[in-house]
Undergrad: 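Submitted below is the structure of interest, expressed as C-alpha cells.
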Amino acid sequence: MKLIMAVIKPSKLDDVRSSLSPLGVTGMTVSEVKGFGRQGGHTEIYRGAEYAINFVPKIKIEVAVADDVAENVVLAIQESANTGKIGDGKIFVFDISEAIRIRTGETDTDAL
Amino acid sequence: MKLIMAVIKPSKLDDVRSSLSPLGVTGMTVSEVKGFGRQGGHTEIYRGAEYAINFVPKIKIEVAVADDVAENVVLAIQESANTGKIGDGKIFVFDISEAIRIRTGETDTDAL
Amino acid sequence: MKLIMAVIKPSKLDDVRSSLSPLGVTGMTVSEVKGFGRQGGHTEIYRGAEYAINFVPKIKIEVAVADDVAENVVLAIQESANTGKIGDGKIFVFDISEAIRIRTGETDTDAL
Amino acid sequence: MKKVSARCLEFVSIAAAVISVPSAALAQETTKFSGGDTAWIMTATALVLFMTLPGLALFYGGLVRSRNFLSVLMHCLVICCATSVVWLAVGYTLAFSDGGTVNQFIGGFDKSFLFGVGLDTLNGTIPEIVFFMFQMTFAIITPALIVGAYPERITFLGMLLFSVFWLLLVYVPVTHWIWGGGWLADMGIMDFAGGLVVHLTAGISALVIAVMVGSRRGFPREVNPPHSPGMVMIGASMLWVGWFGFNGGSALGANSGAGMAIVVTHISAAVASLTWMVIEWVKHGKPSLIGFVTGTIAGLATITPASGFVGPMGGIILGVAGGLICYCMVNVIKHRFQIDDSLDVFAVHGISGLTGTILVTFLALPTFGGLGLAKGITASHQFWVQFAGAAVTAAWAIIASVLIIWVVRLITPMRVSEEDETEGLDITSHGERGYNL
Amino acid sequence: MKKVSARCLEFVSIAAAVISVPSAALAQETTKFSGGDTAWIMTATALVLFMTLPGLALFYGGLVRSRNFLSVLMHCLVICCATSVVWLAVGYTLAFSDGGTVNQFIGGFDKSFLFGVGLDTLNGTIPEIVFFMFQMTFAIITPALIVGAYPERITFLGMLLFSVFWLLLVYVPVTHWIWGGGWLADMGIMDFAGGLVVHLTAGISALVIAVMVGSRRGFPREVNPPHSPGMVMIGASMLWVGWFGFNGGSALGANSGAGMAIVVTHISAAVASLTWMVIEWVKHGKPSLIGFVTGTIAGLATITPASGFVGPMGGIILGVAGGLICYCMVNVIKHRFQIDDSLDVFAVHGISGLTGTILVTFLALPTFGGLGLAKGITASHQFWVQFAGAAVTAAWAIIASVLIIWVVRLITPMRVSEEDETEGLDITSHGERGYNL
Amino acid sequence: MKKVSARCLEFVSIAAAVISVPSAALAQETTKFSGGDTAWIMTATALVLFMTLPGLALFYGGLVRSRNFLSVLMHCLVICCATSVVWLAVGYTLAFSDGGTVNQFIGGFDKSFLFGVGLDTLNGTIPEIVFFMFQMTFAIITPALIVGAYPERITFLGMLLFSVFWLLLVYVPVTHWIWGGGWLADMGIMDFAGGLVVHLTAGISALVIAVMVGSRRGFPREVNPPHSPGMVMIGASMLWVGWFGFNGGSALGANSGAGMAIVVTHISAAVASLTWMVIEWVKHGKPSLIGFVTGTIAGLATITPASGFVGPMGGIILGVAGGLICYCMVNVIKHRFQIDDSLDVFAVHGISGLTGTILVTFLALPTFGGLGLAKGITASHQFWVQFAGAAVTAAWAIIASVLIIWVVRLITPMRVSEEDETEGLDITSHGERGYNL
Ligand SMILES: Nc1ncnc2c1ncn2[C@@H]1O[C@H](COP(=O)(O)OP(=O)(O)O)[C@@H](O)[C@H]1O
Ligand SMILES: Nc1ncnc2c1ncn2[C@@H]1O[C@H](COP(=O)(O)OP(=O)(O)O)[C@@H](O)[C@H]1O
Ligand SMILES: Nc1ncnc2c1ncn2[C@@H]1O[C@H](COP(=O)(O)OP(=O)(O)O)[C@@H](O)[C@H]1O
C-alpha cells in the first residue's frame, strides 16, 4: 500500500475529492497547513507598515491506497489540483508497511 | 523504527494515550484533522436550509516506536480507540529510516 | 528522496527556516500540533482549581529533500532548533518513493 | 416644525384623540425643552449607532465564511462613515426641511451642513441637533442592512458607491414622504419607527442588487455554513438591546409611549424567536441558534412600524406573524427562486417591514389592545393608505436601485474576479486575514 | 402603589428618616411623572437586558468547552424569550399586583397581560409600563444565572421547562414577598436590588439542580479548561457595565440615590476583583484572568442587596468580603463536596447574595458611612429579619426546585446520553458547530 | 463649586457670551437639581466605563499576538480596579477639591473617600456623587490608554505600579490644573473633554515608557500582524459609541451643548476614518480594516478637546487633520525613530490630543461655525494659552513618567525574561491560554 500525501491550494480540495471518487477511493484525511515555497506569501499592511507574510495557507491531503491504484490516484490529484500557477503544490508517495481498520481489525488493503 | 499514524475519534484520545503508557511509549504528536470516509458527515441546518457537512473532525496521532514494540502499540491503539461504530478510523505503519532527538543529538531508538 | 519531519518548539520555526535556506531548501510544509512527551505540559488554574494540561503546543515541519542533502538538513535543523532544554523535539526521516510537482508534473528531485 | 416631527406629532394626536385621559407623558406641552426627553434621545442615539457598530456588523460577519469576515465589517464601517457625511451635507435637509413647492416629494437645502440650526432650535421637546443625530443613526443602519445581500463577492468601491447613491435616491425621499411631511405623511400613513422607511426599502433593494450582482459561486448547493454562529448571536443581542433605542427613541421623548414601544418590541422579538424555534424543532428535530436569532430579528423588524400604536397583544400577534412568514419566505427566495440574497435581507427585513405595516391597521384598534387609529379614520381606509404606501415605496426602491446599479457599473465593476472570490475578500480587497491564531 | 414599589419607597423613607436634610433628588414629590426618571429607567432596562444578552451568555459560554458553546448561548436566549412571555402573562401580576387575602404570599391576576395598565398609570414617578419592563429584565436574568449549574449535559427541553416552572414557583413568589408587598416587605427586609430575590434564589437552585442532574463526565479530574477566557472577560465587562442599570436602576429614578448605588457597586466590583487577584497571586504565583473576573462578579453580586443603603466604605468592605468568601466557597463546593455546579453559580452568586444580605445590616449604619436603618429599628432586629428572610428564601428555593425537577423528569429526561455529552451539545442538540474557521 | 465644574461653566459662559439668544438648554438655572441631566450623566458614565471594559481591552487585545491577548485584557482590568480605589481614596479629592494655598497646582484632601459629599451635594445640576463617578471613568481610561505602549513584554507588577503612580503624579495634577480650578483653568484653557488631560498625557507617557522598557524582540522587522482584526473593530465600535458619553457627557447635562458635542464627535470620527482609508487606498492599493478603525480613533481623539466649542464644520476639519497627521506620525515614530510604542498610543492619542487642542483656537471661531471664544479673548491670546498648556503638560508628563519608571524599577523589574516574552505573557504571567478551540 501507498500513502499519498499532497499539499494543494485550499480552493482545490473539493475538485480533488471529486476526482478521486471514480477511482474507488473511499476515504482521506485532510489537515490545514502553512506552506513555504516559491509562491512566497504576500504583504499585509497594518497602519501603513507592510508586513511580509511568508507562508501561504495550504491543505494537506493524506490518502492510503492499494499499490495498483496509486499511480492513478497521483495522476488524478495532479490534474484536479492543477491551476498552472505557482503554488499548486506537491505530491509525495510513501510505502505503508501495515494498515489496520480500528473498528473491525481488518488489515492491509481491506482496511482502506 | 516505525512511525505509527492513527486517525481516531477525538473523544478517544485520552483512552489511547493511557493505553500506551504501560507499553513504555513516552511521547507522541497529535494534530486535529478532518476525515472523509464511510462515516459521511452530517447535516447542519441554517435558516431552514440543510447543508451537508462531508467531513468529520478526527484526531491524528503519530508515535515513533522501536520495531519490537510496534505490534503491541498498534494493538493497544486498535483496542482503546475502538467503539465498534463506523468512523473509528485507521492505523498506518511506516518505516523510519532515521530518528534524532534535537536536544541531545541522540539517534535511533535512543531518540524516542 | 527523503521526507524529513521535525517536531520543534514554536518559537524556533523562524530560526529553522533561515538555517535551511543556505542548503538550497526552497520549500517546506508546516503544521500546528500538540506534543506529548517528557516535557509534560503545565498547570492552569481556574478559579482556584489546578488543571493539568498534558500537551505542549509544537510545530511540525515536513521537508522533502534529495538524498544527498538530507544529512545536512537534519543537522541544520538539529542545531537551529536546539535550546538544550527538554521538549526541543525530534527529527524523523522517511523514504519518499515518488514526488510530483502539481503545476508542472515534474517528478523526483525536480519536483522539490 | 409640524412636518419635521411628523412621526411624533402624529402619534400624539392619535393617542390624544383616542384615549380620553391623556397619559402623563403626553400631557406636558410639546413645545418646551425637556431634559429628560433629551437625555433619552441621546441615549437612544447611542443605542442605534451600537446596532450598526458593532451589532449588525457582527450579525452579518458571523454568517459569512471566515475568509470574507473582515470585508463585511468594512462594509458596515464605511457605510456608517460615508452616509454620515452625506447626511450632514444634504441628506437631513432633503429629508426633514421644507421643500417648498415640491415638499410633497422632497425637502429643501436650508439645513445643509446644519446651517441655521442653532443650539436653541427645538424639535418638539428636544434640541433639533439631537433629533438630527438620532435620525442620522437611522440613515446609517438602513443602507447597512443591505450588506447582507451581496457579501463575499462585491467590489468594495462598487458597494460604497451604491450605498451612497441609495441613501440619496431611496432612503432620503422615502423618509421625506413618510416622516418629513411629504405626501404619505399627508395621507396619514402609520410607520412608527421605519417599517417602510427602513426595512421595506432595504429589503426590496437587497433583492434587486442580489439578482443584478449575481449569486455566489456554488450557490445554492455548495455554500458553506456560517463561520461563527456565536458571533451571530452576539450581534443579534446587540441589535435587540439597541432596538429599544430604535423603537423607544422614535417616541422622541421619555414617556409612557416610549415605554410601551419598548415593551411591545421586546415581546414581539421573544415571540418570533420562539415561533422560529418551534418550527425548526418540529421540522428538523433540532432548534438551531442561527434560526433562533433570525426569528429574533424578524420579530424586531415586524413590530417596528407598529411599535408606537399597538399594545402587548399586538406585540404577540406580530411576533407570531413575523416569525412564521419570514421563515417561509427565506425558503421561497433562496430555494424556490434561487436568489442569493445571501443573508436573507429581503426575506427577513423586507417581509417583516411589510407585514408590520399592513397588520398595524388592525392591531392598532382598541379591540386588539391598540391605541386606536386617528380620529375619524376607518380601518379600511387606513389599510388602503398602508397598502398604497408600501406599494409605492417598493416600486420606487426597485426602480431607483436598478438605475443606481446601472450607473455604478459605468464607473466600476461591482463583482470581484472568480479568483478573488475563491480566495476571499479579506485578503484580496483589504490585505488582511480574519484570524491569526 | 405603596406595595408595588416597596423597594423604592422603603429607600426613600429610610433615607428621609435618617438624613435630616433630604437630598435634592428625594425632595421632589414622588407622585408626579418625571421625564428624567423615566429616561434613566428605560436606559437601565436596556442595560439589564444587555447583561443577559449577550453579557451573561458570553461569560458562561467562554467557560465551557468549545463543543458546548452554542448550547449555552441557546439556553440564555430561550430563557430570555420564554420568561418574557410568562412574565407578561402571569409573572408580573402575581409578583406586583395586590393578591387580596393572600397578598402576604402572592399577588393577583389583575394585571395579567398588562390589562388595566394604561399609558397614564404611574409607579412612583415613572409610567408603570416602564416599571414592568425594568422588572422583566430581572425576571429574565435570574433563571439565566442558573444556566451555569448544568451546562454541557442538560437536555434542551428539560432546561426550558425547568426555567419556566422555576420562574413561576420560585422567582415570582419571592419577588412578591420582598418587593411586591408580601410578608418579608412587611417585616422591613432590606434587599435593594436582589441579593435574595435574584442571587440567593438562583444560587440555591443551581446547587439543587447540579446535584440532581449529576456531574459532567470526568468531573472533577478530567474537566477541560475554559475554551475562551477572553470571551469570559467580555461577558464580565458587559455584566459590570450593565450592573449600573441593575443597581442604579433599582432606585427607580435619576437621583443621588441611584448615583450612590452606582458608586458603591463599582467600588465593590473593583475591590473584590483585586482581592481575588491577590489571593491567586499569593497562592499560585500568578493572577489569572478567569479568577480576576470571577472576583468582579462576586463583588457585584455581594453589593447588590446593599447598594442603596451603604456608602463607599460599605462598598469596600463588601468587596473584600465577597471576593474572599466566594473564593473559598468555590473550592469547598467543587473540591470538598464534589458538586459539579459547573460555573460556580452557588459559590459566586448564592454566597454573594447571602453575604450582602447579612452584612447590609451593619454596613447600612452611619458608623460605616451607610444611610442608616429605618427609624426605630435596631441593628439586631434588622439582622434577625435579614437572617429569617434568607433562611426562608433558601428553604423555599430548595423545596420548589426539587419538586420542579421531579415534575420535569416525568415529562422529559433532563440529561443527554453519554455519547451526546462526549460529542458536545452544539452538534447533538442544535446541529451546529461553534467555530468553522 | 465654580472650580469643580470648570469645564461645564466655562462652556456655558462662552456660549452665553457669544450666542445672543441662549439655547433652551442653557437657559435653565444651573444651580437646581435636574433629573434629565442626572439621567444623562449616569448613562454617560456607563458608556465611558464601557469604553475601557471591554472596548479598549478588545481594541488593544486584537492588535497583539494571540499569545499575549489575555495579558492585555488583564492590564485593562487591573488598571480599572486599582485606579478606581485610588480615585476614591485620594485621586478625586486632589483633582477636584479646593487645595487652599496650593490650589493653583493641586487640590486638598477634604473629599477623600467622599467624606463630606452627601447625597444632597450638587455639582451644577447633578449630584456630586454622579459627577465623581463620571470623572472616575475618565481616571480609569486614561492610564489604560498607555497599555498600548508596552504590551507583549512588560511585567504585570511593573505595569500595575506604574499605572497607579502615573494616575497620582500625572493624571491627577493635570486634571486639577485644567478642570479642577488650577492655573491652566485660570488662564482660560479650552479642553472640553480631555485633549490634554486624557490624550496628550497618555500619549507622551506612552512614548517615554516605550523607550525605557525597550522594544519587543524582533521589532521592527519581525513583528507579527494583529491576531484578530475583527476584535479590533469590535473594540473600536465600542469606543466610538462610548465616546458619545465621553464627549457628550462632558457637557454635564442633557442639553443642546451635549447634542452638538455628539454630532461633531461622530462627524470627526467618520471623516478621519475615510481620510485614513483614502490614504491607504492610494498608497497601498487596498484600504485595510485596521487602518480604517485607527482613523476612527484618531478622529475621536482629535475632536475631544474641541467637542464643546466647534460646529459641524469644525468636526469635518478636525477629522481630516486628525486622520492625516496621525497617519504620518505612526510611520515617523515606528519607522523613522524606531520606537516600539507598540499600538501607537503616542502617534494616535498624543498627536490627536495635541492637534485638537491647538486647532480648537481657530475652529471655535464663528467663522468656522464654532461657538466663539470667551468674551474679550483674541484668537492669538487663546492660541498662546493652548500652546503653553500643551507644552507644560507634555513636559510634566515626561519628567514624571521617567521618575516613576525609575522608582518602579527599584521595586520590580519592568520587563519579562526573553524566554517568557517568546512564550507569551498569557501562559507565563497568568497561566492561561487565549484560545482552547
Ligand atoms: N521541499 C518541500 N518539502 C515539503 N513541502 C514543500 C516543499 N516544497 C514545497 N512544498 C509545499 O508545496 C507548496 C507549494 O510550493 P511552491 O514552491 O510555492 O510552488 P510550486 O509547487 O508551484 O512549485 C508550498 O507552499 C509547500 O507547502
Ligand atoms: N484511504 C484512506 N486514507 C487516509 N485516511 C483515511 C482513509 N480512509 C479513511 N480514512 C480516515 O479514517 C476515518 C474513518 O474512516 P471511515 O471510513 O469513516 O470509517 P471506518 O474507519 O470505521 O471504516 C476517516 O474520517 C478518515 O479520516
Ligand atoms: N515517540 C514519539 N513519537 C512521536 N512524537 C514524539 C515522540 N516522543 C516525543 N515526541 C514529540 O516530541 C516532542 C518533544 O518530546 P519531549 O519528550 O517532551 O522532549 P525531548 O524531545 O527534549 O526529549 C513531544 O512534545 C512530541 O510532540
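Letters A, B, ... are given to chains in the order of the sequence lines, protein chains preceding strands, and every chain is numbered from 1. Everything numeric here is computed off the predicted structure, so don't read it as measured data.
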Undergrad: Once you round to the nearest 0.5 Å, how far does CZ of F36(B) lie from OG1 of T29(A)?
TA: 9.5 Å
Undergrad: Using heavy-atom distances under 4.5 Å, tell me whether A99(A) contacts chain B through its side chain, its backbone, both, or neither.
TA: both
Undergrad: Using non-hydrogen atoms and a 4.5 Å limit, figure out which bit of L3(B) sits close to chain A: side chain, backbone, both or neither.
TA: neither
Undergrad: As an exercise, state the distance from CD1 of I4(B) to CD1 of I100(A), rounded to the nearest 0.5 Å.
TA: 8.0 Å
Undergrad: Any heavy-atom pair between the side chains of E98(A) and K2(B) that's under 4.5 Å?
TA: no
Undergrad: Between S97(A) and V93(B), is there a donor-acceptor pair closer than 3.5 Å when you use the side chain of the first and the backbone of the second?
TA: yes
Undergrad: Heavy-atom pairs under 4.5 Å with chain A: which of V74(B), I77(B), N54(B) has the most?
TA: N54(B)
Undergrad: Working to the nearest 0.5 angstrom, can you tell me the gap between R103(A) CZ and Q78(B) CD?
TA: 11.5 Å
Undergrad: Measuring heavy-atom distances to chain B, does E32(A) have an atom under 4.5 Å in its side chain, in its backbone, in both, or in neither?
TA: side chain
Undergrad: Under 4.5 Å from any heavy atom of chain A, what part of V56(B) do you find: side chain, backbone, both or neither?
TA: neither
Undergrad: Measure distances from K34(B) to the heavy atoms of chain A and classify the residue's part below 4.5 Å as side chain, backbone, both or neither.
TA: both
Undergrad: Who wins among G35(B), G89(B), G37(B), A81(B) for the most heavy-atom pairs under 4.5 Å with chain A?
TA: G89(B)
Undergrad: So V7(B) and E62(A), do their side chains get closer than 4.5 Å, heavy atoms only?
TA: no
Undergrad: To the nearest 0.5 angstrom, please state how far the OG1 atom of T104(A) sits from the CD1 atom of I86(B).
TA: 10.5 Å
Undergrad: Heavy-atom pairs under 4.5 Å with chain A - which of E71(B), K58(B), E79(B) has more of them than the others?
TA: E71(B)
Undergrad: For T26(A) and R38(B), which heavy atoms make the closest approach, and how far apart are they?
TA: OG1-NH2, 3.9 Å
Undergrad: Which pair of non-hydrogen atoms, one from I102(A) and one from I8(B), has the smallest distance, and what is that distance?
TA: CD1-CG2, 3.7 Å
Undergrad: How long is the straight-line distance from CG of D95(A) back to CZ of F94(B), given to the nearest 0.5 Å?
TA: 9.5 Å
